[in-house]
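Note that this is a predicted model, so its numbers are computed, not measured. Convention: sequence-line order gives letters A, B, ...; per-chain numbering from 1.
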Amino acid sequence: MTEKTIPTNFIRQIIDKDLAAGKNNKKVVTRFPPEPNGYLHIGHAKSICLNFGIAQDYNGTCNLRFDDTNPSKEDIEFVDAIKWDVQWLGFDWNELHYASDYFQNLYDFAVDLIKEDKAYVDDLSAHDIREYRGTLKEPGKNSPYRERTVEENLDLFERMKNGEFEDGSKVLRAKIDMASPNINLRDPTIYRIRKGVDHHQTGTSWSVYPMYDYTHCISDALEGITHSLCTLEFEDHRPLYDWFLDQLDVPCHPQQIEFSRLNLEYTVMSKRKLTELVTQKHVDGWDDPRMPTIAGLRRRGFTPASLREFIQRVGVTKSDNIVEMGVLEDCIRTDLNENAPRRMAVLRPLKVTITNYPEDKVEQLDSSNHPQNEAMGKRKLPFSNTLYIDQNDFAEEPPKKFKRLIPGGEVRLRNAYVIRCDEIIKDASGNIIELKCSFDENTLGKNPEGRKVKGVIHWVSAAQAIQANVCLYDRLFSDPNPDGNKEGKDYHDFINPESLIKLEACYVESNLDSVKPGETFQFEREGYFCLDAHSSSDKPVFNRTVTLRDTWAKITKK
RNA sequence: UGGGGUGUCGCCAAGCGGUAAGGCACUGGAUUUUGAUUCCAGCAUACCCAGGUUCGAAUCCUGGCACCCCAGCCA
């Protein structure tokens, strides 16, 4: 799909001004800085597209940096997954970094801070630190350890690093202002002790780990980042970001700019909640096709281009938002409508016997892979006297305006003949199990004479069709905003029990015999489907990415 | 008056003092061997509210209101 229009947003306007003013040597350097503590979701895609997109459009560069300062939550599994997701989305980083690469620099800068009496070792417990911090409306008060001498702080901090103290017994704090109206400035903790935890990059070589606020600004500065883009909840941290850089002898002072997170209707976006969905088995894993993760969307059949298009349509601002699913759905439909070859698949089979078609004959009918794009070629479709159609395409007592198959009525078999239903066969309990039909041999590739046949339905030839499982997905939650705090309820209470419907007796046309995992098709009149990444070869599993637009469904609802 | 933000169509979102872009959704209608696609038409006298400045205000000023974020040794 085409992504031609270059977006405009307030961040790009800031950059335009900076460039015009000759700031940063007229360079633009950004970074995407995930913590490897989970899989990336579509909200991260916004940050990725923003950061890498700006770098591309301004002839700048963008780094991938893992913000790995909390070893107890992180795992190498996540760093590998994140790298692949970024590349899959279509981006490549200039430099790959880990915040842990800077642990020594960070430590040295902390020593500088101590030497200038701008940081101190505090023996207060976590609980007491909280007490001393004050509240949103009342100022905090100084720790009794705040006035330790530089020498003592230097000694203590070094011994913290050397592993002489237990976890939680001491922290290093920046000495700023316990009465600041901005809580982040009330002597924030910048180092804590984590002894013996195995860090995925640095092993057990460190006993102290720097905090986010302290790490992030310095990492940005060391990499020469010009514009440090992050989400709105860090607005209050910006004064702290700037404070550290002002105190320290760093190569540059990047500009932090905040934008609003992406929220999508009928799903949740926080890593904690997504992690819970996985660990509590509400879904099959991080790549469950119902998940808003990049991995889930990929397995569902979304393309990188459709996701990039979505992010572009949604824009970048500072206002809170909840985007409707319809936007995402339109993005993938637009892409797949243009690029997915057409196939036929019968999801709820109903046997049809063509009584006037020779029993042993199999015809190979020509059908195009795309009605609007001849370049996608043609395929052969076997036709015989025994077919399957979808149960929904026959009605013994049709509703008004129904234009599919009815008793005594005619319908077009897509890419084939017009048939008429002559007889309904039912089982003992009255279920329709078969239709006896007759075909009009003069209707292949042309309309019948003297009468109009409005309906067109899809089908497969029974003998050649391939058995398949099909997974139909719906929204994971029944409420558009499962996060919104509604009297005592949380997102668990809105999990949609029908978010996955497994159909296990489906037939797909024989041309679907050598499909690669992830390959996408339009099953005509049903929707877009892809072969599941975990599909086994004996019985393929197709995931429905999205339905076709369905005005008939709208009519029947009225 | 704790601090920091945000308020333009159902949902996103342009707009930056010269008279409300666009997309999605929705509603009609045309073409169609997918009730798909495509096409064509419609869809904010109005920008949270109230004052004010101005020839002119969504844009500037004043005062309200609503909503979001912040009290991790998480990021």
**Asked** Taking only side-chain nitrogens and oxygens of A:T443, does any of them come within less than 4.0 Å of OP1 or OP2 of B:rU33?
**Response** no
**Request:** Report the residues that fulfil side chain to side chain contact (heavy atoms under 4.5 Å, CB included) with A:R420, sequence neighbours left out, ordered by chain and then residue number.
**Result:** A:E410, A:D422, A:S438
**Prompt:** Whole-Å distance between B:rG72 P and A:R186 CZ?
**Reply:** 11 Å
**Message:** Is there aromatic stacking of A:Y212 on B:rA75 here, judged by a ring-centre distance under 5.5 Å and a plane angle under 30°?
**Reply:** no
**Message:** Between A:G315 and A:D123, which residue's closest nucleotide on RNA chain B lies nearer the 5′ terminus?
**Reply:** A:G315
**Request:** Please check the phosphate of B:rA75 (OP1 and OP2 only) for any side-chain N or O of A:R192 closer than 4.0 Å.
**Result:** yes
**Asked** How close or far is atom P of B:rC73 from atom CG of A:N70, stated in whole angstroms?
**Response** 12 Å
**Prompt:** Between A:N369 and A:R343, is any side-chain donor less than 3.5 angstrom from a side-chain acceptor?
**Reply:** yes
**Contacts of type salt bridge (charged side-chain N to carboxylate O under 4.0 Å, His left out), residue A:R148, not counting sequence neighbours** = A:D123, A:E152
**Prompt:** Given B:rA71, B:rC73, B:rA36, which nucleotide is nearest the side-chain atoms of A:T135?
**Reply:** B:rA71
**Item:** Side-chain donor/acceptor of A:R525 to base of B:rU34, under 3.5 Å
**Value:** no
**Message:** I want to verify a distance call: between B:rA75, B:rC12, B:rU34, whose nearest atom is closest to the A:E35 side chain?
**Reply:** B:rA75
Within the sub-3.5 Å range, which N or O atoms of nucleotides 40-43 of chain B have a protein N or O partner, and how far apart are they?
none

**Asked** For the ring pair A:F521 and A:Y528, is the centre-to-centre distance below 6.0 Å?
**Response** no
**Asked** Which nucleotide, in any strand shown, forms a Watson-Crick or G-U wobble pair with B:rG51, with both distances under 3.5 Å?
**Response** B:rC61
**A:K46 side chain to A:S260 backbone, donor-acceptor under 3.5 Å** = yes
**Message:** When you measure from the side-chain N and O atoms of A:R133 to the phosphate of B:rC73, is any distance below 4.0 Å, counting only OP1 and OP2?
**Reply:** yes
**Side-chain H-bond candidate by donor/acceptor type, A:R31 with A:H216, under 3.5 Å** = yes
**Message:** Taking 4.0 Å as the cut-off, does a side-chain nitrogen or oxygen of A:R333 come that near to OP1 or OP2 on B:rU38?
**Reply:** no
**Item:** Side chain of A:I183 (C-beta onward), nearest among B:rA36, B:rA71, B:rC24
**Value:** B:rA71
**Asked** A:K554 NZ to B:rA36 C1': how many Å, rounded?
**Response** 12 Å
**Prompt:** Less than 3.5 Å between a donor and an acceptor, one on the side chain of A:E324 and one on the base of B:rG10, is that the case here?
**Reply:** yes
For nucleotides 15-18 of chain B, print each protein N/O atom paired with a nucleotide N/O atom at under 3.5 Å, atom names and distance only.
from: B:rG15; atom 1: OP1; to: A:Q13; atom 2: NE2; distance (Å): 2.9
from: B:rC16; atom 1: N4; to: A:Q13; atom 2: OE1; distance (Å): 3.2
from: B:rC16; atom 1: N4; to: A:Q13; atom 2: NE2; distance (Å): 3.2

**Request:** Specify the residues of residues 228-238 of chain A, ordered by number, for which at least one heavy atom lies under 4.0 angstrom from an atom of RNA chain B.
**Result:** A:E233, A:F234, A:E235, A:D236, A:H237
**Item:** Any A:S260 side-chain nitrogen or oxygen under 4.0 Å from OP1 or OP2 of B:rC68
**Value:** no
**Request:** Hunt down the Watson-Crick or G-U wobble partner of B:rA21, both distances under 3.5 Å, from any strand shown, or write none.
**Result:** none
Result block: side-chain N/O donor-acceptor pairs under 3.5 angstrom for residues 163-173 of chain A, not counting sequence neighbours:
from: A:E164; atom 1: OE1; to: A:R159; atom 2: NE; distance (Å): 2.7
from: A:E166; atom 1: OE2; to: A:K195; atom 2: NZ; distance (Å): 3.0
from: A:D167; atom 1: OD1; to: A:K195; atom 2: N; distance (Å): 2.8
from: A:S169; atom 1: OG; to: A:E166; atom 2: N; distance (Å): 3.4
from: A:S169; atom 1: OG; to: A:E166; atom 2: O; distance (Å): 2.6
from: A:R173; atom 1: NE; to: A:D122; atom 2: OD2; distance (Å): 3.2
from: A:R173; atom 1: NH1; to: A:D187; atom 2: O; distance (Å): 2.8
from: A:R173; atom 1: NH2; to: A:D122; atom 2: OD2; distance (Å): 3.0

**Prompt:** Are A:N70 and A:S72 close enough that a side-chain donor and a side-chain acceptor fall under 3.5 Å?
**Reply:** yes
**Message:** Heavy atoms only, 4.0 Å cut-off, all strands: where does A:K403 land among base, sugar-phosphate and nothing?
**Reply:** base
**Message:** Taking only side-chain N and O atoms of A:R342, does any of them lie within less than 4.0 angstrom of OP1 or OP2 on B:rU34?
**Reply:** no
**Message:** OP1 or OP2 of B:rA25 versus the side-chain N and O atoms of A:R549: is any pair under 4.0 Å?
**Reply:** yes
**Prompt:** Any donor-acceptor pair under 3.5 Å between the side chain of A:E526 and the base of B:rU34?
**Reply:** no
